[in-house]
Amino acid sequence: MLKTERLQLVPLDQAQLQDYLQNNGALEKSLQVGFRERSVSERVKAALLRKIIPAVADSTKNYLFSTFWAIINPEENSIVGEICFKGKPNERGEVEMGYGTYSEFQNMGYMTEAVGEIVKWALAQNDVKTVLAETDPTNLASHRILKKNNFIRYSQTGNNISWRKDKI
């Protein structure tokens with residue numbers, strides 16, 4: 001678990017990822033937070049079932065680079081969003097991250113704070129040299145989150161802007 005001034009970032013284990021899919025309050029119960037209905041897209045469900053849960057179940061891998069991390073605000077007694085890496089570092093020491101804030105918690109600085117903490121953790125790992133992220137060109141809130149965390153915009157192709165933050 002990682003902690004910031006206002007948040008806790010909790011990596012979900014295999015059972016918790018299964019609970020996440022069920023969206024019936026079991027995940028919240030295991031994390032000891034209040035239940036809030038959330039939607040899980042078909043794309044996310046497919047990724048969880050095909051890639052994420054099997055990677056987390058593989059005891060030979062560091063599951064922290066494969067799982068969802070619940071972003072919890074203890075004061076709100078709620079999960080406010082999720083953040084994840086899209087697999088272990090590649091041969092160049094790069095890891096890609098993704099994140100999302102639940103709509104009722106947007107524009108409160110939670111994701112800026114969570115991204116800052118998880119990037120700090122990632123860059124402290126021996127095999128990580130760079131954290132990458134991609135955003136939709138129209139997602140200005142995500143651009144602000146990355147800029148506030150000193151990411152550099154390094155390329156753009158049609159539907160994606162690519163960002164990076166290198167270990168100093």
Side-chain angles (χ1 to χ4, degrees), residues 1-4 7-33 35-74 78-102 105 110-111 113-136 142 145-146 149 151 154-155 157 159-160 162-168:
M1 177 177 22
L2 302 174
K3 288 186 177 186
T4 71
L7 304 172
Q8 297 173 348
L9 283 67
V10 180
L12 302 183
D13 63 25
Q14 183 181 358
Q16 289 169 321
L17 289 169
Q18 294 286 354
D19 291 342
Y20 177 91
L21 278 173
Q22 300 307 312
N23 196 16
N24 61 6
L27 173 62
E28 290 79 3
K29 184 177 180 181
S30 80
L31 295 172
Q32 300 177 342
V33 297
F35 176 68
R36 278 198 163 86
E37 189 79 27
R38 63 191 140 67
S39 64
V40 182
S41 73
E42 289 303 316
R43 190 176 123 259
V44 170
K45 283 180 190 176
L48 279 161
L49 292 170
R50 261 186 293 124
K51 185 177 179 187
I52 298 168
I53 292 173
V56 171
D58 184 347
S59 63
T60 66
K61 295 181 181 175
N62 181 350
Y63 84 100
L64 298 176
F65 287 108
S66 300
T67 194
F68 283 6
W69 294 62
I71 303 168
I72 299 170
N73 180 331
S78 184
I79 301 172
V80 299
E82 291 112 24
I83 197 163
C84 68
F85 294 102
K86 299 180 180 180
K88 67 180 183 165
N90 65 21
E91 64 281 348
R92 292 180 302 279
E94 299 168 331
V95 290
E96 185 178 349
M97 66 177 215
Y99 50 84
T101 310
Y102 298 161
F105 298 109
Y110 294 140
M111 194 54 69
E113 195 173 320
V115 165
E117 188 63 23
I118 205 156
V119 167
K120 182 172 88 174
W121 173 83
L123 291 174
Q125 306 309 302
N126 289 333
D127 50 350
V128 176
K129 294 180 180 156
T130 302
V131 178
L132 304 172
E134 286 188 348
T135 61
D136 181 289
S142 197
I145 289 165
L146 295 170
N149 280 289
F151 275 73
Y154 72 94
S155 74
T157 58
N159 297 328
N160 285 311
S162 298
W163 303 80
R164 70 184 298 126
K165 181 169 183 175
D166 296 309
K167 190 180 281 190
I168 298 174

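Below, all heavy atoms of this structure are taken into account, side chains as well, without hydrogens, waters or symmetry copies. Position 1 is the first residue of the sequence; numbering continues from there. These figures come from a predicted structure and were not determined experimentally.
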Tell me, do [X] and [Y] make a side-chain contact under 4.5 Å, heavy atoms counted?
{"X": "Tyr154", "Y": "Leu132", "answer": "yes"}
{"X": "Asn149", "Y": "Val119", "answer": "no"}
{"X": "Glu134", "Y": "Glu96", "answer": "yes"}
{"X": "Gln16", "Y": "Val56", "answer": "no"}
{"X": "Phe105", "Y": "Ser78", "answer": "yes"}
{"X": "Trp163", "Y": "Ile145", "answer": "no"}
{"X": "Glu117", "Y": "Trp69", "answer": "no"}
{"X": "Leu27", "Y": "Arg38", "answer": "yes"}

Over all atoms of both residues, closest heavy-atom pair of [X] and [Y]:
{"X": "Tyr99", "Y": "Ile83", "result": "CB-CG1, 3.7 Å"}
{"X": "Leu48", "Y": "Leu17", "result": "CD2-CD2, 3.8 Å"}
{"X": "Asn73", "Y": "Tyr110", "result": "ND2-OH, 2.8 Å"}
{"X": "Gly87", "Y": "Ser66", "result": "CA-OG, 4.5 Å"}
{"X": "Ala57", "Y": "Gln14", "result": "CB-OE1, 3.4 Å"}
{"X": "Leu64", "Y": "Phe85", "result": "O-CD1, 3.8 Å"}

Before giving the answer on side chain to side chain contact (heavy atoms under 4.5 Å, CB included), spell out for Lys120 and Thr4 the whole-Å C-alpha distance, their side-chain angles and the decisive distance to 0.1 Å. CA-CA 11 Å; Lys120 182 172 88 174; Thr4 71; over 6 Å; no

Inter-residue atom distance [X].[atom1] - [Y].[atom2], 0.5 Å rounding:
{"X": "Glu113", "Y": "Ile71", "atom1": "CD", "atom2": "CD1", "value": "9.5 Å"}
{"X": "Ile72", "Y": "Gln32", "atom1": "CD1", "atom2": "CD", "value": "9.5 Å"}
{"X": "Ile52", "Y": "Cys84", "atom1": "CD1", "atom2": "SG", "value": "6.0 Å"}
{"X": "Met1", "Y": "Leu7", "atom1": "CE", "atom2": "CG", "value": "12.0 Å"}
{"X": "Lys129", "Y": "Asn90", "atom1": "NZ", "atom2": "CG", "value": "10.0 Å"}
{"X": "Glu37", "Y": "Asn24", "atom1": "CD", "atom2": "CG", "value": "9.5 Å"}

Do side-chain atoms of [X] reach the backbone of [Y] as a donor and acceptor pair under 3.5 angstrom?
{"X": "Thr101", "Y": "Gly81", "answer": "no"}
{"X": "Arg92", "Y": "Thr130", "answer": "no"}
{"X": "Lys45", "Y": "Leu21", "answer": "no"}
{"X": "Lys167", "Y": "Leu123", "answer": "yes"}

Ring-plane angle category for Phe68 and Tyr20, please: parallel below 30°, perpendicular beyond 60°, tilted otherwise. perpendicular

Would you sort out whether Ile79 and Glu28 count as a side chain to side chain contact (heavy atoms under 4.5 Å, CB included), showing the intermediate values? CA-CA 8 Å; Ile79 301 172; Glu28 290 79 3; 4.2 Å; yes

Determine whether more than 12 heavy atoms belonging to other residues, nucleotides or ligands lie under 6.0 Å from atom NZ of Lys51. no

